[in-house]
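Here the structure comes first, spelled out in structure tokens, and everything after it is commentary.
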Amino acid sequence: MANGQWYPPEWPDRIRALAAGTLTPVTPRRAATVLLLRDTPAGPVVHMLRRRASMAFAGGAYAYPGGGVDPRDDDRQIRWAGPPRAWWAQRLGVDAAGAQAIVCAAVRETYEEAGVLLAGPDPDSVVGDTTGDDWEADRAALVARELSFAEFLDRRGLVLRSDLLGAWTRWITPEFESRRYDTWFFVAALPAGQRTRNASSEADRTVWIRPGEAAAGYDRGELLMMPPTVATLRQLLPYGSAAEALAAAPARDMTPVLARARLEGAEVVLSWPGHDEFTKHVPTAPAPAPTTVPTPAETTGGGPA
């Protein structure tokens, strides 16, 4: 493979099964992920983590902090600052409760996996250093789901700063995948006074990297990534600062990107609408196992002395 596109070995069989009508797609789980940006003299850099090779989903791939929605965030009023839930509902294409849960997932997962918290004691401030033992205890309780995000904010006297997030894009895992996510991608700037760290048990490495450098590493086949990760990196290239990216977010199209598999002759063509670089051509039948002709030595049972 010329680039670093994540392509699991079981995909061809599942694509063929979907095309044949013998595979029932699983319902995608709601999720959120955050492209955390920091300005440098050479331009903005983005925080990325490398998923452990042992992970069942996208092991070894570079990604952003993120994860699934906690159902508890749907039905309880969160301490909130920034655009109201109705505004977010329209922007994200869901109802108000769903919008609250998705935004909460973005903020909570960024804290759980990167140690960065987009919240403050009032609508105009953000917490500073979050690396003390007491913060770590709360973070661990969030990871273990022993503490809901609403309870965490209440305990700390904090409000979620939804105005620090910009909704960027939305991707849905292909229908033939066994683990599916409906993921909203956000952009955010690293708050002053905070710093990232590898707080995730799912990652073995974290980096701050220029989007162009990360995309080039993918193109060379050196950095493994999923299509939405590469696509969002390329989308960041025109922006010279985190503030510019955040300012561009409200105009971004949030129509979900969903891979399609269609039959074309003897192939199934896998494509992501609007992203031709990820198109794959998969034979409709598995390739036959290669045959070998035995050498005279193998036929007679002989070999080198």
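The analysis underlying the following values was restricted to heavy atoms, covering all of them including side chains, and did not include hydrogens, waters or symmetry mates.
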Connected via hydrophobic side-chain network under 4.5 Å: Leu237 and Val187: no
Distance-only side-chain donor-acceptor flag, Trp88 / Gln100, under 3.5 Å: no
Sub-6.0 Å ring centroid separation between Tyr111 and Phe149: no
Closest non-hydrogen atom pair, Val103 against Ser162: CG1-CB, 4.1 Å
Atom pair CG/CG of Leu165 and Leu246 - distance to nearest 0.5 Å: 8.5 Å
Rounded distance [0.5 Å steps], OG1 in Thr183 versus CZ in Arg30: 12.0 Å
Closest non-hydrogen atom pair between Pro191 and Val126, with its separation: CB-CG1, 3.7 Å
For the student: nearest non-hydrogen atoms of Leu118 and Ala188, plus distance: CD1-CB, 3.9 Å
Aromatic ring pairing His275/Trp171, orientation class (parallel under 30°, perpendicular over 60°, tilted between): tilted
Considering all heavy atoms, the nearest Leu270-Ala259 contact: CD1-CB, 3.9 Å
For Arg161, all residues meeting side chain to side chain donor-acceptor pair (under 3.5 Å), sequence neighbours excluded: Asp163
Close side-chain approach of Arg145 and Arg72, heavy atoms under 4.5 Å: yes
Trp168 side chain near Phe186 side chain, heavy-atom distance below 4.5 Å: no
Nearest non-hydrogen partners of Glu109 and Gly68, listed with the distance: OE2-O, 3.7 Å
ILVMFWY cluster, Leu164 and Val127 together (side-chain gap under 4.5 Å): yes
For Arg260 against Pro273, the heavy-atom pair lying closest together: CG-CG, 4.3 Å
Stacked cation flag Arg91 on Trp184, 6.0 angstrom / 45 deg: no
Worked verdict on Ile172 versus Tyr181 for side chain to side chain contact (heavy atoms under 4.5 Å, CB included): CA-CA 6 Å; Ile172 302 177; Tyr181 299 91; over 6 Å; no
Hydrophobic cluster membership, Met254 vs Leu258, 4.5 Å side-chain cutoff: no
Whether His47 and Trp208 hold their rings parallel, tilted or perpendicular, with breakpoints at 30° and 60°: tilted
